[in-house]
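Heads up, the thing below is written out as structure tokens.
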Amino acid sequence: MLQIHILRQNPDFVIERLKVKNFDASELITNILALDEKKRENQVKLDATLSEANKIAKTIGEIIKSGKQDQATQLKERSVTLKAEAKTMANDLELLNNEINSLLLQIPNIPGDQVPQGKTAEDNEIVFSFGKIPTLSPSALPHWDLIKKYDIIDFELGNKVTGAGFPFYRGKGAKLQRALINFFLDEGLKAGYTEVQPPLLVNEASAYGTGQLPDKDGQMYNVGLDKFYLIPTAEVPLTNIYRDTILKESDLPIKNIAYSNCFRREAGSWGADVRGLNRLHQFDKVEIVQIATPETSYQVLEEMREYVSTLLVKLELPFRIVKLCGGDISFTSAMTYDFEVYSAAQKRWLEVSSVSNFESFQANRMKLRFKNKNGKTELAHTLNGSALALPRIVAALLENNQNETGIKISDSLIPYTGFKMID
RNA sequence: GGAGAGGUGGCCGAGUGGAUGAAGGCGCACGCCUGGAAAGCGUGUGUACGCCGAAAGCGUACCAAGGGUUCGAAUCCCUUUCUCUCCGCCA
């Protein structure tokens with residue numbers, strides 16, 4: 001959520017910048033500013049009314065103390081009237097506030113300066129590429145066949161026990177998962193992150209804080225009886241740790257890393273290209289989150305980008321980094337890099353990480369602030385990224401490293417798997 | 001799940017209807033003192049919104065949350081919530 005004072009001070013700037021996201025904010029902003037003006041008028045009147053009532057109450061107290069009770073009657077009446085007026089005004093004010101808030105929530109985050117103009121994923125900018133695209137033998141299989149051949153991941157069993165998109169991992173498949181999780185966490189610790197094990201269910205306030213609510217509740221599984229949501233990403237609990245918090249500048253940057261299961265309903269997104277591990281309802285992910293000062297957040301974004309790159313290099317996967325254009329960037333993000341690995345048998349680029357700077361957009365919603373060197377409280381910047389999402393990494397590892405005898409494990413993973421081949 | 005006790009500022013803790021944004025202490029910041037430090041002394045120390053673009057100043061709101069009683073509520077009443085103790089259940 002944008003801070004309203006930015007709209008007050010420079011509405012044209014906001015409108016102009018949001019064009020990069022192909023969003024026309026002019027009408028929304030006009031409405032918001034009109035309501036805001038009305039709101040402030042009301043507030044001034046309300047405060048004056050309450051102020052008078054407070055003064056009267058004090059006067060009455062003094063009168064009573066001096067023993068002249070009867071003189072207070074008229075003042076009491078006046079006070080009752082004021083109180084009734086104040087109540088009406090307070091209600092109106094609340095309605096206005098709600099209205100302003102709901103309009104404010106409809107405005108996406110302002111894209112950062114570097115975000116390229118564009119409409120779709122076609123317009124994204126490839127900023128970095130690594131590795132050679134492997135040439136596989138004609139008999140090479142896509143991962144959904146490999147997992148059957150080596151009996152490491154079982155979709156049919158998942159279907160039976162739960163439903164589509166909830167596979168079982170078995171034998172070396174399960175061990176590979178565990179190896180990847182440990183590898184990712186250990187690398188994170190080396191890079192200075194603090195390991196966190198978050199709850200997998202969160203309440204409404206948390207889902208609202210990171211922006212899943214109010215719009216995207218259809219994308220989360222909810223546990224209706226207790227009003228909890230299954231997390232779609234560890235970003236939600238990890239960032240909400242600092243909801244309604246004022247940090248010290250010396251605490252920053254905060255660097256947390258967490259492994260979690262992630263649950264996504266993925267309503268309406270099933271199609272031909274989501275076979276096998278490409279899209280699941282439950283999957284594993286290691287997530288990194290940083291809380292930073294506004295001055296450093298873009299440096300931090302680059303640091304995180306660099307960090308995710310090193311993971312993929314160590315896994316020896318060919319990948320590219322894409323700077324998302326305005327049209328493809330998410331509602332809440334100011335700037336995002338996507339990481340895509342090449343999955344050789346599918347002959348497709350698969351998104352395995354998305355690293356974003358949200359600037360103060362999430363922080364404003366969840367009142368995540370810090371006290372700066374001058375003692376002033378200001379909103380912090382939040383950033384997060386996957387490091388990494390497992391299923392598509394597994395898909396690429398299986399497909400790219402297959403040969404006639406089996407699937408070769410990347411050197412950096414062998415200490416974690418304890419085996420060199422899946423065969 | 002049952003019974004009881006509680007929730008006050010960064011922390012501890014006082015406060016049972018009017019003087020309280022809130023005693024006292026700790027912590028923190030600044031100043032004095034010192035060769036330097038400690039101790040001591042002094043001053044200051046919450047958040048949000050608004051008056052207003054900034055500073056100063058002022059107003060309003062906030063003592064778990066929400067509602068109510070009252071001219072006036074941290075204090076009384078109701079609801080919710082969380083914590084602690086005992087009992088029950090339990091990986």
Side-chain angles (χ1 to χ4, degrees), chain A residues 1-14 32-104 197 199-209 223 225-228 237 240-252 254 261 291 360 363-380:
Chain A
M1 186 165 70
L2 294 178
Q3 298 176 80
I4 194 158
H5 78 253
I6 294 174
L7 301 186
R8 276 188 209 141
Q9 281 163 11
N10 212 340
D12 296 335
F13 167 79
V14 176
I32 289 171
L33 291 178
L35 288 168
D36 180 52
E37 192 148 326
K38 213 162 137 193
K39 171 198 136 170
R40 281 184 290 167
E41 273 172 32
N42 282 22
Q43 170 130 31
V44 170
K45 280 188 206 150
L46 173 63
D47 284 355
T49 307
L50 288 173
S51 177
E52 189 182 345
N54 284 345
K55 276 187 198 123
I56 290 177
K58 250 175 212 166
T59 312
I60 293 174
E62 281 157 22
I63 291 174
I64 289 176
K65 244 183 240 167
S66 66
K68 298 170 188 162
Q69 259 87 341
D70 45 314
Q71 288 183 12
T73 321
Q74 222 178 353
L75 284 176
K76 281 188 187 178
E77 276 166 19
R78 173 73 181 144
S79 185
V80 170
T81 313
L82 285 173
K83 193 190 163 186
E85 282 173 17
K87 193 160 192 177
T88 317
M89 286 189 244
N91 284 340
D92 291 351
L93 194 62
E94 200 190 335
L95 289 178
L96 279 170
N97 271 330
N98 291 343
E99 214 173 323
I100 291 168
N101 215 32
S102 74
L103 292 178
L104 222 40
Q197 275 199 28
L200 303 180
L201 285 88
V202 293
N203 58 27
E204 284 181 20
S206 295
Y208 177 86
V223 185
L225 213 54
D226 294 297
K227 286 194 173 169
F228 290 150
N240 273 284
I241 293 172
Y242 308 100
R243 172 154 49 83
D244 287 320
T245 302
I246 300 175
L247 299 159
K248 285 181 266 180
E249 181 157 3
S250 58
D251 293 335
L252 303 176
I254 287 173
N261 301 118
I291 317 288
S360 61
N364 186 38
R365 265 191 195 205
M366 65 171 89
K367 302 284 168 268
L368 195 185
R369 291 159 297 173
F370 72 101
K371 224 177 247 289
N372 67 23
K373 289 185 194 93
N374 305 322
K376 287 278 263 181
T377 306
E378 62 177 306
L379 293 172

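First the proteins, then the strands, lettered A, B, ... as listed; each starts at 1. Predicted model, so just to flag it, every value in this text is computed and none were measured.
Here the CG-CD1 distance, from A/L247 to A/I254, works out to 4.5 Å after rounding to the nearest 0.5 Å. Note that CG of A/L35 and CG of A/N98 are 11.5 Å apart. Values are rounded to the nearest 0.5 Å. Rounding to the nearest 0.5 Å gives a distance of 8.5 Å between CD1 of A/I56 and OG1 of A/T81. For the atom pair OG1 of A/T377 and CD1 of A/I246, the computed distance is 5.0 Å after rounding to the nearest 0.5 Å. The CG atom of A/D36 sits 8.5 Å away from the CG atom of A/L7 when rounded to the nearest 0.5 Å.
The 12-atom threshold is exceeded at CD of A/Q3, counting heavy atoms of other residues, nucleotides or ligands nearer than 6.0 Å.
Across all strands, A/K83 comes closer than 4.0 Å to base atoms (heavy-atom distances). Within 4.0 Å (heavy atoms only), A/T59 reaches no atom of the nucleic acid at all.
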- prompt: A/I100 and A/I32: side-chain contact (heavy atoms from CB on, under 4.5 Å), yes or no, with the steps?
  reply: CA-CA 6 Å; A/I100 291 168; A/I32 289 171; 4.2 Å; yes
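The same atom, P, is picked in B/U75 and in B/G15; the two are 15 Å apart, to the nearest Å. Across the P atoms, B/A48 and B/A56 are found 14 Å apart, a figure rounded to whole Å. The P atoms of B/G66 and B/U81 are separated by 15 Å, rounded to the nearest whole Å. When the P atom is compared between B/A73 and B/G17, the two are found 14 Å apart, to the nearest whole Å. Comparing B/U45 with B/A37, their P atoms sit 26 Å apart, to the nearest whole Å. Nucleotides B/G7 and B/A65, compared at atom C1', are 11 Å apart to the nearest Å. Between the C1' atoms of B/G24 and B/C78, the separation comes to 34 Å (whole Å). Only the C1' atoms considered, B/A22 is 16 Å distant from B/U16, to the nearest whole Å.
Screening A/L93, A/L95, A/N101 for a side-chain contact (heavy atoms from CB on, under 4.5 Å) with A/N97, the sole residue that qualifies is A/L93.
When both pairing distances are held under 3.5 Å, B/G72 makes no Watson-Crick or G-U pair with any nucleotide shown. When both pairing distances are held under 3.5 Å, B/G21 makes no Watson-Crick or G-U pair with any nucleotide shown. B/C28: Watson-Crick or G-U partner is B/G44, with both key distances under 3.5 Å. With a cut-off of 3.5 Å on both Watson-Crick or G-U wobble distances, the partner of B/C49 is given as B/G59. Base-pair partner of B/A37: not found among the strands shown (Watson-Crick or G-U wobble, both distances under 3.5 Å). Using the Watson-Crick or G-U wobble rule with both distances under 3.5 Å, B/A3 pairs with B/U85. Both distances falling under 3.5 Å, in either a Watson-Crick or a G-U wobble arrangement, place B/G66 opposite B/C78.
Closest-nucleotide positions on RNA chain B for A/R8 and A/K87 were compared, and the one nearer the 5' end corresponds to A/R8. Heavy-atom nearest nucleotides on RNA chain B were determined for A/K39 and for A/L75, and the one closer to the 5' end corresponds to A/K39.
Remark: A/R78 engages A/E52 in a salt bridge, criterion side-chain N to carboxylate O under 4.0 Å.
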Do any side-chain atoms of residues 201-208 of chain A form donor-acceptor pairs under 3.5 angstrom with protein atoms, and if so which ones, sequence neighbours left out?
| residue | atom | partner | partner atom | Å |
| --- | --- | --- | --- | --- |
| A/N203 | OD1 | A/A205 | N | 3.4 |
| A/N203 | OD1 | A/S206 | N | 3.0 |
| A/N203 | OD1 | A/S206 | OG | 3.1 |
| A/S206 | OG | A/R243 | NH2 | 2.8 |

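Of the residues in residues 43-55 of chain A, those lying under 4.0 Å from RNA chain B by heavy-atom distance are A/Q43, A/V44, A/D47, A/L50, A/S51, A/N54.
Taking every nucleotide of RNA chain B with any atom under 4.0 Å from a non-hydrogen atom of chain A, the first and last of them, 5' to 3', are B/G18 to B/G72.
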